[in-house]
Each structure stands twice: as structure tokens, then as C-alpha cells.
Engineer: 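Before we start, here is the structure in question, set down as C-alpha cells.
Throughout, protein chains are lettered first and strands after them, A, B, ... in sequence-line order, and every chain is numbered starting at 1. All values below were derived from every heavy atom in this structure, side-chain atoms included, with hydrogens, water molecules and symmetry-related copies excluded.
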Amino acid sequence: MEYNFSEIEQKWQAEWDKQAAYKVSNESNKPHYYVLDMFPYPSGAGLHVGHPLGYIASDIYSRYKRLKGFNVLHPMGFDAYGLPAEQYAIQTGQHPEKTTNKNIDRYIEQLRKIGFCYDWSRQVKTCDPKFYHWTQWAFVQMYNHYYDPVAQKAKPIAELVARFEKEDPHWATLSEKEQQERLMPYRIAYLADTKVNWCPALGTVLANDEVSEGLSVRGGFPVEQRVMRQWCLRVSAYAPRLLEGLDRLDWTDSLKDTQRNWIGRSEGAEMQFNIKGQDNPITIFTTRADTVYGVTFMVLAPESEYVSRLTTDEHRAEVEEYLAWVKRRTERERIADRKVTGVFTGSYAINPLTNAEIPIYISDYVLSGYGTGAIMAVPAHDSRDYAFAKHFNLPVIPLIEGADVSEQSFDAKEGIMMNSGILNGLEVKDAIAKMKEYITNTGIGRVTINYRLRDAIFSRQRYWGEPFPIYYKDGMPYTLPEECLPLQLPEVKEFKPTATGEPPLGHAAMWAWDEQNRKVVDKQLIDNKTVFPIELCTMPGFAGSSAYYLRYMDPHNDEALVSKQANDYWRQVDLYLGGSEHATGHLIYSRFWNKFLYDLGLVCEDEPFRKLINQGMIQGRSNFVYRYIGEGASGNLYISYNLIGNPEYKDKVQPIHVDVNIVHNDVLDIVAFRNWMPEYKNAEFVFADGTSSEVEDNPYLGSAMPKQYICGWAVEKMSKSMYNVVNPDDVVAKYGADTLRLYEMFLGPLEMSKPWDTNGIDGVHRFLKKAWNMYENISDAEPTAEELKSLHKLIKKVTWDIENFSFNTSIPAFMIAQNELYTLKCNKRAILEPFAILLAPYAPHIAEEMYHRCNGQGFVIDAAWPECYEAYLVEDTQKYPVQFNGKVRFTLECPKDTPKDEVEKLVLAHEDTARYLAGNAPKKVIVVPGRIVNIVI
RNA sequence: GCCGCGAUGGUGGAAUCGGUAGACACGAAGGACUUAAAAUCCUUUGGCCCGAAACGGCUGUGUGGGUUCAAGUCCCACUCGCGGUACCA
């Protein structure tokens, strides 16, 4: 009976569809479990074999949970807004919606072939007005709330207004515009002039997590700093809760650490330094209050608000020149060229403890966005201050005993203080505490906590994103009424910025808000009395992905993002799978967004993702042919990889990428190679045996055997240009979805990055074939002890593996069990039916067919997970009582038919162990698996 | 620089609580079947050594130390690789 995988897979996929086997209900008396994959951005290239890795893992877990009797929510959708579709639209004029939908269709088709148990009826896509309705709605809520730092939660802006009305007699006298301006800095979604990452090539601003080393993450274009009026989200207000919440999550330590670093909590103190000849002091932030006696200068960030006040007339020209120079530099230049620069302001500060006069400088190594944008410089104990001091010849005062600061600073937070007045003789840790106490008591400063996490810039000067439900009246923003949402993305003639530099929505004709009639109208009607302009920016990519997991709970609800009942039932994502690259972006924003909704009482859990697993990246495994470029080279001759180290070819070959799809087990298909590209049409080879003739005479009948050309290989990123992209469709066509699923898991631990190497897929395919063959003539006979042992070993192992996400080690267990059962010629239903159920999460199609061959009723996906009975696993052993040195009596457990002299040998072999055990008097210790030594004294 | 992770045969990897290192698979070599090939099946496969034979000996998990009756696993120092982050005061 042949294993016809494509027939089996098509049959069961159709059957599951027909019976809506994966449709999930929100009403069930079963326990609930929510398994989620990070939804993909549907790129034009389609899925490659790396994408499904996490999906397969989560699918296995979902199916297992279902077999364990849970009502499992396992949905899939699409993060449909994104730059590539818009860039493509600018180049080709094709509407991004069209290309996006096309890509989504392709993704769905590819995903369906792999046999995932998604409830497709719950599919979401972020560019659907029914979906972004709730993205816009959440934004409106953020606009209408402020963060109360005392209560540590978001509250309606109306409460703030009420407070102003009550406490501030001025409030009533303010104009509406003035009132709005006053409220703006409190709102959770607010407009502000901020320094942003502007990417000229993309024509948009980017969030911090979208920039890496001065280049945009998408596209790698240079980014520069600019001050612009932008929508921002007050993520920083949630920093303490985002940090604290990590302790309650079942995430890996490395991911939590990444988030902790990104949030960047640091305890320190703000201190005030008086300015010589001025009334107002300046405030600095430091974590080293203990070093205040060693301050020899102060430094301001170039953008600091103190700069203009502290610059004296005689230094003004020099300062302005420096500021202009700093402004001209791109972020990238600043990172690449880190030489010491700076300029003296002409002013002096007074050290509050020593009363020394210390010069105030400006330098771009101080950042305006962190702390107060001004520092006290302690060159002896900070390497950056040290470099600055050396460059400008400023004094260095060592504060820690025994620290040599003649060559470099001593940055470590340890040692005994000296030259430090009241702190002398104290350990650094105690000195910090004492100085904090001192400055608090004297009013010089106060203890504060600083966070590195900044507010998220929420505007994008792009077309393909969610429009802001905002219009402008008298220069101030107003939200559209909630019942008018969603504000649909309008059509535009062009996807580029307008001639006047407005974002692409500037091209939209129907883009004005008629306040009285509550509808979108032609922008020519704008009169700023009843008809107003609408916001031209759109929301960033993370807007739609921040709460999508809630939408799956109740995807067709037109009244709310998610109903109270649906949210109360599913609560939160129990298991979330995705790449670790989202650690500082999506996973922060989602947590923030969820906490905000929690504050509003709209969701019942304040953390969205209880357990999170990062699957590793699948890298490409490229293959190479080696073109001969030595003497007399025709440019047409390719040397087999095993020969390129030989003297005649060494350093005379050039590696060339070859399509991995025409290479099998590193052996090149030479016919396919010649047909691959015209330039290889006449390719000639030196084969693995060192000869050039393509065939070998066959001793039988003189027919010809082709010879082998071996390709080299390397691990690289999976990409078209390296010709190492493997398409899951091809693998499914050749081996079947079940083999693909099994093999992706077999490749290695889920969380590790590893190259995709098709070599070896035959192994798991063979396993399925062999397993399949056991299901030919099924008997009702009673299983033997051996058969039961084999099965229950497998149950124990596979159950453990799935619960611990160690999917890769299950496949060998299946192979071993299959082998044992095959050797026992086992064809018994009592064994084979549970075997099929165990296999079902991994290889659902073949398992379904196997299950039905055992006369299983219904679907295998609804069967009950078999239970492991330890009684079947007991080793067949016998106990031998032994005397040792006349003092210690122990029982040796070993296989039943071990001869007597063998037992004695075993005892002697463990003499040391026995002696040790006797001395420490333990009860029972495993010496060697299967041979247990019980010591009784 | 800082934080995190990793290093085991020709290859991917296993060893789940400190207890027979190399499971399982690929590849390779040899064999069976076959006119031949594919498919399938069987044997061998970390290295070295002794031997007529073996349930034989030695060595072996990046390097150097340590703890332990026992270390791939724990501790210290280092080397290399990967990922994140970077003037965060």
C-alpha cells in the first residue's frame, strides 16, 4: 500500500473544511486556551520555508491542547499596512490595497496547504475598515485620556478639566484654544514638537525601534534628526508598569532583559546648580550623587533649553556656529565619527557642596532626551567626561582611594571615597545614599527615577496606513465623533508627497470634515467655520498590530473592539509565538496598548501575552559551483567542490551561487543547471572523481551512469539574490505537508536559529512511509507487554516534549517506537490507534487516515490524548542483595538474566560510589540507569 | 563597551534533576535484491591502539583551571561565534 500523501492531504483538508472542523465557539464548558502566532506582513515574495516554523510549532501545541480537551482559539490574520506595498505603488501606480490583497490570497493559499488548524472565519487584516475602526477608536480614547501618575492609571480628560475648573481660577478666562493647548501635554495621544527621526528617502518619520545605527530598518536609508510637530503616544508614562509587569510573565529571560534594557530604569538624583551672576539654577540628573566633589565642569546638550540663557555675548557666535554644525550632522555621521567636540558657553555654575566655580560647556555627547539634558561632569569617574576633560584641558579630581586616573577614568561603582568632604571613607554605595539624603534635606535636589523609554512617535507621512480620525479647528486637533468611525482611507491620484511637501493624503479631494453634517466632504468646501481640514498623516505600522489579538476573540463585532463576554471568556493570549526582533517594538507597544485598555476597564487582563516563545530564524543554505578562472580558462568549466583544494585549482576558482532547488544533497543536477540560465548552457565540469566525462561505463549492458558534481555550501540570509530560497509549496508537492511539518521540527530546537537544509528530509519522509505501512491489516488482538511498553514510552515522551516545546526530540521518539513496533510486527488496533493520535499534532493528515484505518470515529483531531500508564514501563529487572565490607548492605537491581559473576563485577565497579554512599547514608541513589543501588545501613 | 545566548563526530542534532556522551537522522563505505537504475532491506561508521577472538584498552563535548565518588551539564578565568543595545550621565 503506497503512501500517497497528496491524495491523503487533499482529502482530509477538504473534509475538515466541509465540516468546519476548526471553527471555534466562544461558548463552551471546556477550559479555554488561546494560541497565537505573530501575524505576518504579506510580502510580494510569498512565504519561504522559514516563515512556517513558528506556525507549525503553535499548530502542534494547539492540536495537542485540543486533544487534551481544551477549547482552543488559534487564529490567523494579516498585518496589511506597510512600506513595501506603498513603495511598490509609488513605482508602479498600482494601488497598495490591490497588491496587498493579492499577496494575502497567496499567503492563505500557501498556509492552507500546510494544514494548519486556524479558524479562518476569524481572520483579520489591519487595512480592513472594519478592523481599523477599532484602531482609530483606541486612538480617540488615548486622545481623550491623560495619565494620572499618582493613581498610576489613565483617566478621562474630563476629570482633568474638572480639576482645572475647580483649582485654577484662570481656567474659565481662557479661550477654547488656550484650554486645548493647556490640555494637550496631558493627553496620552498628544501633538508635540519633538526631535524625530526623519528619513528623507522614505519621506516619513520613524520610531526609535524602526531605526538602527542611523539607518531605517526598512530599506536601510539614512535618517536625520528634525524637530517636527507630530502625534505621540505617552508610552513613557507606562514605563514603571511595563517594567514591573515583566516579572509576572512567562517569557524567556533574554527577552525580558531586552525589554528591561529598552525601558532603562535608573535610580539617581536631580540636583540644582546655581549660576554665577544669575538667579535661576539649572537642574542635572546623575546616578552618581557621590561624585559631586569631583565635578570640574558642566555640559549641556546642544538642544537644551538652558543653552540660550547661559551663553554669554562674547561666546554667542562660537556657540551658534557649533549648534549649526551639530544640526547639520546626520545621525549616522554622529555615530560613525565619535571625536570629542564642544564649546564653552562663557557661564559658570557653583558647586553646591564646594562652592567652586565650574565652567559650563555644550557638547553633543549629552542627549537632550534623557534626564534633564544637562550633566555634571566628573572626569575622574566617567570615561566620556574624561575624554572631554583631556581634550579641553580641564582638571581631573580623583575621588576613590587607589584609583589611578592618569591614563583613564575609573568608572566602577566600588571603592572608598576620598577628597569628598562629608563622604570621605565611605563605600561608594553608602556614599550615594548619604549624598541623596543630604541633598534632599538641604533642598539642593531630590531622588528621582529616570527611564530611557521614550514616547512613541505616531505620525507617518505616508498613504498606506490608518487615517487619524482628527480634524483641525483653529489650529487645534479635534476627534471625529465615535459614531462616525471608521474614517475611511480616501482615494488619491498619487502616492507620493504633494508638490508642497504635504504627505500623500494631501492629494485626496474628499478630505475635509463637515462638523455640522458629520461627514467627510470635498476639501474645497473648507471654510474653517463648519468645514475643517482633516489630518494628513497616517498611523504607523504598529498601530494595527497593537491590539489585533483582542479582535480575534470577537472579530465580527460592530459595536466594540471586543465584547465583554468574549474577553472575559478568552482573557488573554496564553501562548504567543514569534520572532525576537519584535522585542522592543511590537511587544512594548502591545503591552502599552493593552494596559491602556485595561485602565479603561475594557479588557480584563493587564498583560496581553502570558507565555511567549521566540522561534529562531531560518537562515538560507546557499550552494556554490566553482568556475575555473586559472590559466587557459574558458569561463565555462566548473570544478567539483571536493577538488578545489587541489594545487591545480587552489585559488583559481570563483564560487558562484547556484539555485539550491537544482541541487540535491549537495549534488548538482547538471541538466537543470545548463537549462537554468543561458550563460550555463554549455557548461563543462570536472566531476568528483577528477574526470570530465559525464558518464561512467556501466558494467551492466553498457548503459551509462551519470557522474557527480559536488557543490559547496554556506549559511547566509535567505534571499532571492543568493538563490537559496526554498518555497514550502515545492516541498509540499514533493514530500507532502506532513513531511514538511515533521522536518521543520526535526531541524533543531525551536528557539535556535538554523539554516534550512533540505538534505535529510528523506529521513522523516521515510519514517512516515514506514509508519504508514503498519496500518495495512489491523487486528483486534490483545497487545503484548512489549508492545504496550513501546507505546507508553512514546506517550510519556511526546507528552513531555509538547508541554516543554521540545518538538524536535519527539520525532526520533516516533521513529524509535515505529521501529520497535515494526520489529514486533505489531498490527494491533489497541497500539496503532493511540499511535495515530500521538502523531496527529505533528502530521495531522496522515494521522487522520491512520486513525480511520483503525475504524476511529469522527476526526482524530477530536480524539482524546492517550494516557501514559507507568505500570507498563517498569524495567524487567531483578534485585540482588549484596554485602559490602561487612558493613554496608545494598540491593543491586539489574536485568533479570545477568549472570552472578557479572553482578559481582558491577559491585566492584562501584566500590568508590558505595564507600561514598555509605559515608553519607543516603537512602536511594541511581548509579547507572537501569541498575539501582539501594543502600541500607 | 555593556547585556543576553551559544560552541558536542563529515553534517543537523540527542543526552529533560550532576549518573553508560554521540540517541535519531543525513552523508559515507560495504552488502542483498535488480538486466540496470530507482525504491527497499541488512552491516559498519568519534579518534587512536592491542588482538585469532571481545561485553578489550586508551582518549574524547572550544581552551586552561577548580568542585565532586562521578562534569557536556556546576564554579572561576579565557578564546571564538551569534543576537540585542550603545555617548542613557
Side-chain angles (χ1 to χ4, degrees), chain A residues 2 212-213 252-262 264-266 268 284-288 291 299 301 334-335 338 340 363-367 369-378 381-385 387-388 411 450-454 580-581 583-584 614 616-617 619 621 665-667 698-706 713 743 746-749 751-764 766-767 769-770 773 797 800-801 804 806 808-816 819 902 905 909-920 925-931:
Chain A
E2 208 195 333
S212 175
E213 302 193 345
T252 60
D253 288 337
S254 77
L255 192 78
K256 285 189 197 178
D257 269 342
T258 305
Q259 287 214 345
R260 284 193 190 105
N261 288 340
W262 189 258
R265 181 183 195 270
S266 70
I284 58 93
F285 174 75
T286 181
T287 55
R288 292 293 301 272
T291 60
V299 187
R334 212 173 66 82
I335 290 164
R338 210 171 268 187
V340 178
S363 176
D364 67 350
Y365 83 87
V366 175
L367 306 175
Y370 186 77
T372 62
I375 62 157
M376 63 178 211
V378 185
H381 302 291
D382 183 291
S383 53
R384 297 152 302 179
D385 297 346
F388 195 87
D411 291 16
N450 236 300
Y451 292 90
R452 209 181 74 110
L453 184 71
R454 308 215 201 137
S580 56
E581 67 274 19
T584 55
N614 291 126
M617 282 256 281
Q619 296 144 299
R621 186 181 185 279
N665 287 350
D666 292 334
V667 175
N698 193 306
Y700 303 95
L701 285 188
S703 68
M705 271 168 51
W713 61 274
Y743 188 59
F746 182 67
L747 222 44
E751 280 152 291
M752 253 186 358
S753 281
K754 57 232 162 196
W756 176 264
D757 180 358
T758 311
N759 299 348
I761 195 167
D762 294 315
V764 293
R766 261 197 285 271
F767 154 70
K769 268 202 249 186
K770 287 192 242 174
N773 283 331
K797 172 78 177 137
W800 191 94
D801 281 345
N804 293 280
S806 176
N808 56 320
T809 56
S810 274
I811 287 114
F814 277 116
M815 290 174 174
I816 291 165
N819 229 326
E902 200 62 34
K905 259 199 229 166
H910 300 296
E911 190 178 320
D912 278 348
T913 306
R915 226 185 278 279
Y916 163 77
L917 293 176
N920 288 273
V925 166
I926 296 170
V927 177
V928 179
R931 294 159 188 175

Engineer: Is any side-chain heavy atom of Lys770(A) less than 4.5 Å from a side-chain heavy atom of Asn773(A)?
Structural biologist: no
Engineer: Going 5' to 3' through nucleotides 24-30 of chain B, assign each nucleotide B (protein heavy atom under 4.0 Å from a base atom), S (under 4.0 Å only from sugar-phosphate atoms) or - (no protein heavy atom that close).
Structural biologist: BSSS---
Engineer: Within the structure, does a side-chain N or O atom of Lys769(A) lie under 4.0 Å from either OP1 or OP2 of U40(B)?
Structural biologist: yes
Engineer: Hey, does Pro755(A) reach any base, or is it just sugar-phosphate, or nothing, if we go heavy atoms under 4.0 Å?
Structural biologist: nothing
Engineer: Quick one: is A14(B) close enough that its OP1 or OP2 comes under 4.0 Å of any side-chain N or O from Asn808(A)?
Structural biologist: yes
Engineer: Using the C1' atom as the point on both nucleotides, what is the distance between U67(B) and G27(B), in whole Å?
Structural biologist: 41 Å
Engineer: Taking CD from Gln619(A) and P from G81(B), how many angstroms apart are they, rounded to a whole number?
Structural biologist: 16 Å
Engineer: Who are the ring-ring contact (aromatic ring centres under 6.0 Å, His included) partners of Phe285(A), not counting sequence neighbours?
Structural biologist: none
Engineer: Have a look at Asp666(A) and say if it touches a base, only the backbone sugar-phosphate, or nothing, with a 4.0 Å heavy-atom cut-off.
Structural biologist: nothing
Engineer: Could you check which nucleotide pairs with C41(B) in any of the strands shown, counting Watson-Crick or G-U wobble with both distances under 3.5 Å?
Structural biologist: G31(B)
Engineer: Quick one: CZ on Arg766(A) to CD1 on Ile761(A), what's the gap to the nearest 0.5 Å?
Structural biologist: 11.5 Å
Engineer: Are there more than 12 heavy atoms of other residues, nucleotides or ligands under 6.0 Å from atom CG of Asp253(A)?
Structural biologist: no
Engineer: Relative to the 5' end of RNA chain B, which residue comes earlier, Asp253(A) or Leu747(A), by the nucleotide with the nearest heavy atom?
Structural biologist: Asp253(A)
Engineer: What is the distance, to the nearest angstrom, from the CE atom on Met752(A) to the P atom on A14(B)?
Structural biologist: 6 Å
Engineer: Rounded to whole angstrom, note down the P distance from G62(B) over to U68(B).
Structural biologist: 23 Å
Engineer: Leu453(A) CG to A86(B) C1': how many Å, rounded?
Structural biologist: 16 Å
Engineer: Under a 3.5 Å limit for both distances, which nucleotide forms a Watson-Crick or G-U wobble pair with C58(B), could you say?
Structural biologist: G47(B)
Engineer: Verify, without hydrogens or angle tests, whether Asn450(A) (side chain) and Ser266(A) (backbone) share a donor-acceptor contact under 3.5 angstrom.
Structural biologist: no
Engineer: When all nucleic acid strands are considered with a 4.0 Å heavy-atom cut-off, which category describes Ile375(A): base, sugar-phosphate, or nothing?
Structural biologist: base
Engineer: Using whole Å, report how far CZ of Arg260(A) lies from C1' of C2(B).
Structural biologist: 16 Å
Engineer: For C2(B), which nucleotide in any strand shown is its Watson-Crick or wobble partner with both distances under 3.5 Å?
Structural biologist: G84(B)
Engineer: Using atom C1' in both nucleotides, what's the gap between G19(B) and G31(B) to the nearest angstrom?
Structural biologist: 39 Å
Engineer: For atom P, what is the distance between C87(B) and U8(B), given to the nearest Å?
Structural biologist: 35 Å
Engineer: Taking CG from Asp411(A) and P from C87(B), how many angstroms apart are they, rounded to a whole number?
Structural biologist: 16 Å
Engineer: Looking at Tyr370(A), I'd like to know whether one of its side-chain N or O atoms comes within less than 4.0 Å of OP1 or OP2 on A89(B).
Structural biologist: yes
Engineer: Write down the partner of U79(B) under the Watson-Crick or G-U wobble criteria, each distance required to be under 3.5 Å.
Structural biologist: A7(B)
Engineer: Arg452(A) side chain: which of G4(B), A86(B), A15(B) is closest?
Structural biologist: A86(B)
Engineer: Can you find a pair of side-chain heavy atoms, one from Ile375(A) and one from Asp385(A), that are under 4.5 Å apart?
Structural biologist: yes
Engineer: Once you round it to whole Å, what is the distance between C1' of A89(B) and CD1 of Ile284(A)?
Structural biologist: 8 Å
Engineer: Does G9(B) fall in syn (glycosidic angle within 90° of 0) or anti?
Structural biologist: syn
Engineer: Tell me which nucleotide among C87(B), G4(B), A89(B) gets nearest to the side chain of Asp364(A).
Structural biologist: C87(B)
Engineer: Mark yes or no for whether Lys754(A), through its side chain, and Pro749(A), through its backbone, hold a donor-acceptor pair below 3.5 Å.
Structural biologist: yes
Engineer: Taking the C1' atom of each, how far is G9(B) from G46(B), in whole Å?
Structural biologist: 5 Å
Engineer: Is Lys256(A) touching bases, backbone alone, or none of the nucleic acid, heavy atoms closer than 4.0 Å?
Structural biologist: nothing
Engineer: Using atom C1' of each nucleotide, how far apart are G83(B) and A25(B) to the nearest Å?
Structural biologist: 28 Å
Engineer: In whole Å, what is the span from the CD atom of Gln259(A) to the C1' atom of C3(B)?
Structural biologist: 14 Å
Engineer: Can you confirm whether Trp756(A) sits close enough to Leu747(A) that some side-chain heavy atom of one is under 4.5 Å from a side-chain heavy atom of the other?
Structural biologist: yes
Engineer: For A89(B), does OP1 or OP2 lie under 4.0 Å from any side-chain N or O of Ser266(A)?
Structural biologist: yes
Engineer: Whole angstroms only, please: what is the CG-P distance between Asp757(A) and G10(B)?
Structural biologist: 17 Å
Engineer: Return the nucleotide paired to A52(B): Watson-Crick means purine N1 to pyrimidine N3 with N6-O4 or O6-N4, wobble means G-U with N1-O2 and O6-N3, both under 3.5 Å.
Structural biologist: none
Engineer: When the C1' atoms of A23(B) and U40(B) are compared, how many Å lie between them, rounded to an integer?
Structural biologist: 24 Å
Engineer: Using a 4.0 Å heavy-atom cut-off across all strands, classify Arg621(A) as base, sugar-phosphate, or nothing.
Structural biologist: nothing
Engineer: When you match Trp713(A) and Asp385(A) each to their closest nucleotide on RNA chain B, which lands nearer the 5' end?
Structural biologist: Trp713(A)
Engineer: Quantified in whole Å, what is the P atom distance between nucleotide C75(B) and nucleotide A86(B)?
Structural biologist: 30 Å
Engineer: Could you check if the base of C33(B) is syn or anti? Syn means the glycosidic torsion is within 90 degrees of 0.
Structural biologist: anti
Engineer: Measure from the side chain of Pro749(A), starting at C-beta and using heavy atoms only, and say which of A89(B), A86(B), G13(B) lies closest.
Structural biologist: G13(B)
Engineer: One pair to check against salt bridge (Lys or Arg N to Asp or Glu O under 4.0 Å): Asp411(A) and Arg288(A). What are the steps and the verdict?
Structural biologist: CA-CA 10 Å; Asp411(A) 291 16; Arg288(A) 292 293 301 272; over 6 Å; no
Engineer: Keeping the roles fixed (side chain from Arg452(A), backbone from Asn261(A)), state whether a donor-acceptor pair exists under 3.5 Å.
Structural biologist: yes
